[in-house]
*Asks:* 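Take a look at the following structure, please.
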Amino acid sequence: MRKQSLFALPIALGLSMMMIAIAKAADDANVIPVIKFDGPARGEPSPALKYRLLPTFLDLKPGNAAIVYCKIAQSRPYTADAERRMGDDWRETPVDKLPRDKVDRDLAIFSYQLAEAARAARMETCDWQLAVRTEKLWELRLDEMQAMRNLARVLAIQARLQIHDHKYDEAVQTLQTGFAMARHLVEAPTIVTALVGAAVAGLMLEEVETMMRDPNAPNLYWALIALPRPFIDMQLALSAETHFVDFAVPGVHDIRTEKFTPDEWRKLVNRLDELLMVINGQGDSSDSTRMLSTMLAIKEYPVARQALIKGGMSPEVVDKMAVPQVIAIHKIESFDRLRDNMFKWMFLPVWQREPGATEADEAIAKSNETLEGFPLAGVLPSVRASTVATIRLDRRIASLAAVEALRIHAAAHGGKLPKTLAEIRLAPVLVDPTTGQPFGYSIYGATATLTSPRIPNISSSFAGLHYEITITQ
């Protein structure tokens, strides 16, 4: 079976998550689904930090969590059927409709994995030791990452049942394991693992919502506020994947100063063209690569020559270079420009990325026509789409904390909601991470509405937010 490309996976995973969410949310992509929270006013616990959604420093023990997670992944063949039920059957069934005897038997099947995950989540380090600097980065196997995502579904079911049974302390311990596992996944420097970490955290937040809806559960405002911001930090993944061509083709980092023979330059160009074929699963035939490179050279050389001259080289110097040298320099330097013009926007808050990020994406889409960075630009990871999952995660944490802040305020003011978010003093509301501004807020009677606009270029049903919070007696 062909190994999937590391760089195709972020696009595939991000789009699949998006399409599933859109399908469930609404038939009309322009409609933001309304999510309702009905419950009594609820003050903060005492002490305020009694409940934490990540293990505390006191909980941590020496050890490398990645080793334990890999052991858990190796045990998957023995739990495949129960894993399917956890993902497809039990998670889609309302908790009061679950066949508890069958679900409890399935959870018992995972007793080893759950115990090991709880142990790993409370270890001081997580070093995956991924060979991201290998020349075949696209063949990097990430089987253990999918195992973690599947295990997160089991943790979610366990937490849901614990909440239903009013075992809130146990549920918090389970959620801690899931949230810590999500953070550990980000220690692997790839966009794929960051996305899996966001997916795992999203599963845990669903059960945080489950607890928030339970009228007897504690208020989780400070537990949500204490989570790191951003929860999934993409910086390590972006920094690593910026250099995937440097890892795959040694020598391209200092392309202008490299001293190669004409034959070595030709081999370098072949290697660059081969990347597109191999990553897309078209094989790595040297004959096919040479044929592709020869055909491309006929079109590329005039474009590459003109680009180097326009970039400051004299025509005499360029004309003395071997043809593959001119093409190689142009490929790498134009690719570097396209790559950096895309990646640079990801270091800004989402509300400051437009229209720069849009223009960068459009330039990459047109690169095939202009031969700028061809074919390397075609295998750039979709970092813009990939970061949407992490942005939505941060907004979800902030918005759920806002719901709990409203309940704290109501508990201190006779069940009444504030007229504005600025009135809340006991539990300040975070700004909306997607806009840098306060959440939209309005009140009608005993119901408050909390909103956030859609994320640019993402459908409203997936990327908008509309909560209605009603304080009941």
Side-chain angles (χ1 to χ4, degrees), residues 1 3-4 6 9 13 17 53-55 59-91 102-132 139-162 170-207 231-232 236-237:
M1 183 173 65
K3 298 174 184 177
Q4 274 195 299
L6 174 61
L9 274 172
L13 179 58
M17 291 169 59
L53 294 176
L54 280 173
D59 299 325
L60 300 181
K61 301 292 188 294
N64 181 5
I67 296 173
V68 182
Y69 292 136
C70 289
K71 288 172 59 182
I72 293 172
Q74 291 174 354
S75 68
R76 284 189 69 197
Y78 306 102
T79 61
D81 289 341
E83 202 171 82
R84 176 188 54 77
R85 289 190 292 272
M86 288 291 180
D88 299 336
D89 298 338
W90 308 147
R91 287 198 66 249
K102 295 180 180 179
V103 179
D104 288 342
R105 282 199 298 270
D106 277 350
L107 283 173
I109 292 173
F110 290 96
S111 58
Y112 165 77
Q113 289 89 345
L114 290 170
E116 286 295 276
R119 185 167 70 92
R122 291 158 180 82
M123 288 183 172
E124 291 179 334
T125 61
C126 186
D127 182 2
W128 295 98
Q129 299 187 19
L130 294 182
V132 294
E139 292 187 353
L140 195 64
R141 295 302 297 259
L142 299 173
D143 298 337
E144 60 271 27
M145 307 305 171
Q146 183 58 36
M148 296 303 96
R149 188 175 181 183
N150 290 335
L151 182 60
R153 296 188 178 103
V154 182
L155 287 166
I157 293 293
Q158 184 180 58
R160 188 176 304 175
L161 293 178
Q162 290 165 337
E170 292 181 17
V172 168
Q173 289 288 311
T174 300
L175 292 172
Q176 284 184 358
T177 298
F179 280 116
M181 192 164 69
R183 294 274 293 175
H184 281 159
L185 284 162
V186 190
E187 297 298 320
T190 74
I191 291 176
V192 171
T193 49
L195 281 176
V196 176
V200 169
L203 289 170
M204 296 304 105
L205 280 178
E206 288 183 21
E207 303 319 316
F231 188 81
I232 298 296
L236 180 61

*Asks:* Determine whether a donor-acceptor pair (N or O, by modelled atom type, separation under 3.5 Å) exists between the side chain of Arg183 and the backbone of Phe231.
*Replies:* yes

*Asks:* How would you list, by chain and number, every residue that makes a salt bridge (charged side-chain N to carboxylate O under 4.0 Å, His left out) with Arg85, sequence neighbours excluded?
*Replies:* Asp106

*Asks:* Look up atom CG in Leu203 and atom CZ in Arg149, then write down how far apart they are to the nearest 0.5 Å.
*Replies:* 7.0 Å

*Asks:* If you define the side chain from C-beta out and look only at heavy atoms, does anything of Met86 sit under 4.5 Å from Leu107?
*Replies:* yes

*Asks:* For residues 111-129, which residue pairs qualify under salt bridge (charged side-chain N to carboxylate O under 4.0 Å, His left out), counting only residues two or more places apart or in two chains?
*Replies:* Lys71-Glu116, Glu116-Arg119

*Asks:* Roughly how far apart are Asn150 CG and Leu155 CG, rounded to 0.5 Å?
*Replies:* 11.5 Å

*Asks:* Any idea which heavy atoms bring Met204 and Leu175 closest together, and the distance?
*Replies:* O-CD2, 3.6 Å

*Asks:* Could you report the tightest heavy-atom contact between Pro55 and Ala180, atom names first, then the distance?
*Replies:* CD-CB, 3.8 Å

*Asks:* How long is the straight-line distance from CE of Met181 back to CD1 of Ile72, given to the nearest 0.5 Å?
*Replies:* 7.5 Å

*Asks:* Determine whether a donor-acceptor pair (N or O, by modelled atom type, separation under 3.5 Å) exists between the side chain of Thr193 and the backbone of Ala188.
*Replies:* yes

*Asks:* Find the distance between CD (Gln176) and CG (Leu53) and round it off to the nearest 0.5 Å.
*Replies:* 7.5 Å

*Asks:* Ala117 and Leu151: which non-hydrogen atoms are nearest, and at how many Å?
*Replies:* CB-CD2, 3.6 Å

*Asks:* Can you tell me if Thr125 uses its side chain to pair, donor with acceptor, with the backbone of Gly63 under 3.5 Å?
*Replies:* yes

*Asks:* Rounded to the nearest 0.5 Å, how far does NE2 of His184 lie from CE of Met123?
*Replies:* 9.0 Å

*Asks:* Could you tell me the separation between the CD1 atom of Ile109 and the CG atom of Leu114, rounded to the nearest 0.5 Å?
*Replies:* 11.5 Å

*Asks:* Taking side chain as C-beta onward, heavy atoms only, is Met148 less than 4.5 Å from Leu185?
*Replies:* yes

*Asks:* Check Trp128 against Cys70 and note the closest heavy-atom contact, atom names and distance.
*Replies:* CZ3-SG, 4.3 Å

*Asks:* List the atom of Arg153, the atom of Gln146, and the distance in Å for their closest heavy-atom pair.
*Replies:* NH1-NE2, 4.5 Å

*Asks:* Compare every heavy atom of Asn64 with every heavy atom of Cys126, then report the nearest pair and how far apart it is.
*Replies:* CA-OD1, 3.4 Å

